[in-house]
Novice: 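This structure is in structure tokens; I'll ask about it shortly.
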Amino acid sequence: MNLPVHGVTRRTGVLACLAIVCLLLLVHSSASSRPLIPLPQAVRFRSSSTLARYLAHPSERPALPLVSSISSFSLSPPPPSHPVNVSICAVPTHEEQYLPEWITWHRLVGVERFYLFDNSPSRRMRRLLKPWIDEGSVVLYELHYKEGTDIGAIYQQHVLRLCEKDVLPHTYWASHHDVDEFLLVDAPGWSSPLPTPVPPPSSSNSTALATRWTFPLHVRFNEILHRATCVPILRLPFHNYGVREVGWAESVVEKQTVRDKVDPNFHTYGKIFLHSAQQAKRASWMGPHSCKALPGTVVLDSHGKRIVNEEGIYPFNGLALPQESLRLFHYVQRSLEDCRSKYRVLANTPNDWRTKDGLTGCARNYVPLDSELATSEGRDELAALVATDSEEERKALLDRPASWWELFERDTAARDSWQGRMTRAVLAEWRARGKREGVWWWEEGVADEELDGMEGVRVVRDIERAIMGA
Ligand SMILES: *[C@@H]1O[C@H](CO)[C@@H](O)[C@H](O)[C@H]1NC(C)=O
Ligand SMILES: *[C@@H]1O[C@H](CO)[C@@H](O)[C@H](O)[C@H]1NC(C)=O
């Protein structure tokens, strides 16, 4: 808010007049741009032109109400006792910075519910996720491990088992993927992968806004893949090409646009969608990258082609998968700084995959830009990021794989997609509502007691028992 504060230097009479003007301005601008009490339901885009700036084509307009309801946390899925089409199970731990972008993206793709299994529970996480938990789109599990547990070695299996037991009965389709993986849905021949409003029944009030949407992802599952029990998803590894840091106001999907070139026979350690048909044990994950379907059920690729014939097991080392329809963009290292700070946080959990490679691994995954390598000043500046005197780490940081231009290619599909642009629109809107950088508007002024008493959080103290269902 730009208040004319210079008015205080004027004479008293003028001052009094200005004060009134200020007050009017204040009242007016509060009313027009920001509710005094930030009620989630009351949040709408400040103006449709803010949102419209992110449109690429007028044909995207009909989906704007969906974006608006996602941004106002008013796209509630049915209650947990009712099945939804698509859920994701994921681990939010240490991912606070990236969750809003990741959740918003997947809401736009058609993921109705997220089951987030936090193995290091905190009020901070509750505060961050509160509006989605209240909306019903996030179910937060707080897994309390006993002091001294080697969490890194076991949490992934726990998450898979809990997801099978607790989530599969309440969803038709579920995937386990990570917060650095973004699902893209498109298919050959589709002119547009946009959700479309379901026309309200003619008997109802036709002026009412559509509250239900048809998502291309749901249609693909229901029409092409309904016979499948497991659908493996191709995962495309992105490279950190010169991203030292992703700031609070920046987007991972926008900054990262360089990935491995993959040939048509690329065997992927992909992720898997399970089609539960609401049954807990119809299929299961053998690990994050493989699945086992009951006899008589099938494993299809995302085009609907049967890819596993015997045993019904999709192997750990993957199979060649189509490069359209369903893909995961995997941002292996979101920024150099992120990799290093995760390492520092997780250094005492030696079995966590993120720490196995250490700081040298962070340096190795960073691909320097031409501009960083061109001059000795540039090289020195980059090398100075290595705080230790590790020669190996310094070398890894400055190193670029031989013939890297043959290995990598530019892929801006996620950045330029409707989901990518709308996610940035929503996050920009939320940031503009906040008062301080790094704090989302809904996090301000929430009392600890309110967080402690939150509904929709499942506190698990005996994890083995929760999995066995005793
Ligand atoms: C339709 O909705 C509008 C606005 O909510 C309301 O004014 C109107 O009376 C409704 N009409 C019918 C037939 O329900
Ligand atoms: C699932 O998606 C299909 C296709 O869009 C839709 O017809 C159906 O109503 C959806 N089911 C639920 C539970 O949302």
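Numbers for residues simply follow the sequence, beginning at 1. Because the structure is predicted, anything quoted here is derived from the model rather than measured. Ligands are counted one by one from 1 in listed order, and the atoms in each one are counted from 1 as well.
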Novice: Give the contacting part of H82 toward ligand 2: side chain, backbone, both or neither, where contact means a heavy-atom distance below 4.0 Å.
Specialist: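 No part of H82 is near ligand 2 at this cut-off.
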Novice: Tell me which protein heavy atom sits closest to atom 13 (C) of ligand 2, plus the residue, atom name and distance to 0.1 Å.
Specialist: P83 O, 3.5 Å
Novice: Look only at interatomic distance and state if T214 has a nitrogen or oxygen under 3.5 Å from any nitrogen or oxygen of ligand 2.
Specialist: no
Novice: Where is the nearest protein heavy atom to atom 4 (C) of ligand 2: which residue, which atom, and how far?
Specialist: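 So the nearest neighbour among protein heavy atoms is N222 ND2, 3.5 Å.
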Novice: Could you tell me, atom by atom, which parts of ligand 2 come under 4.0 Å of a heavy atom of E112?
Specialist: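 What qualifies from ligand 2 is 14 (O).
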Novice: With a 4.0 Å cut-off, would you call R334 and E101 a salt bridge?
Specialist: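 Between E101 and R334 there is no salt bridge, as every charged N stays at least 4.0 Å from the carboxylate O atoms.
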Novice: Check P78 against ligand 2 and report side chain, backbone, both or neither, counting heavy atoms closer than 4.0 Å.
Specialist: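 For P78, there is no contact with ligand 2 at all, from either part.
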Novice: Start with the C-alpha distance between F273 and F221, add both sets of side-chain angles, then the distance that settles ring-ring contact (aromatic ring centres under 6.0 Å, His included), and finish with yes or no.
Specialist: CA-CA 10 Å; F273 264 107; F221 278 146; 5.0 Å; yes
Novice: Starting from atom 8 (C) of ligand 2, what is the nearest protein heavy atom, named by residue and atom, and what distance separates them?
Specialist: N85 ND2, 3.8 Å
Novice: For the residue pair F114 and H106, categorise the inter-ring angle as parallel (less than 30°), tilted (30 to 60°) or perpendicular (more than 60°).
Specialist: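 Perpendicular, since the angle between the ring planes exceeds 60°.
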Novice: Using the ring of each side chain (for Trp, its six-membered ring), is F215 parallel, tilted or perpendicular to H218, with breaks at 30° and 60°?
Specialist: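 Because their plane-to-plane angle lies in the 30° to 60° range, the rings of F215 and H218 count as tilted.
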Novice: Checking a contact table here: which protein heavy atom is nearest atom 9 (O) of ligand 2, and how many Å away?
Specialist: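 Ranked first by proximity to atom 9 (O) of ligand 2 is R212 NH2, 3.2 Å.
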Novice: Pick one: which of I463, T149, V91 meets side-chain contact (heavy atoms from CB on, under 4.5 Å) with N119?
Specialist: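 Running side-chain contact (heavy atoms from CB on, under 4.5 Å) over I463, T149, V91 with N119 returns exactly one hit, V91.
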Novice: Pairing donors with acceptors under 3.5 angstrom, does anything connect the side chains of R327 and Q323?
Specialist: no
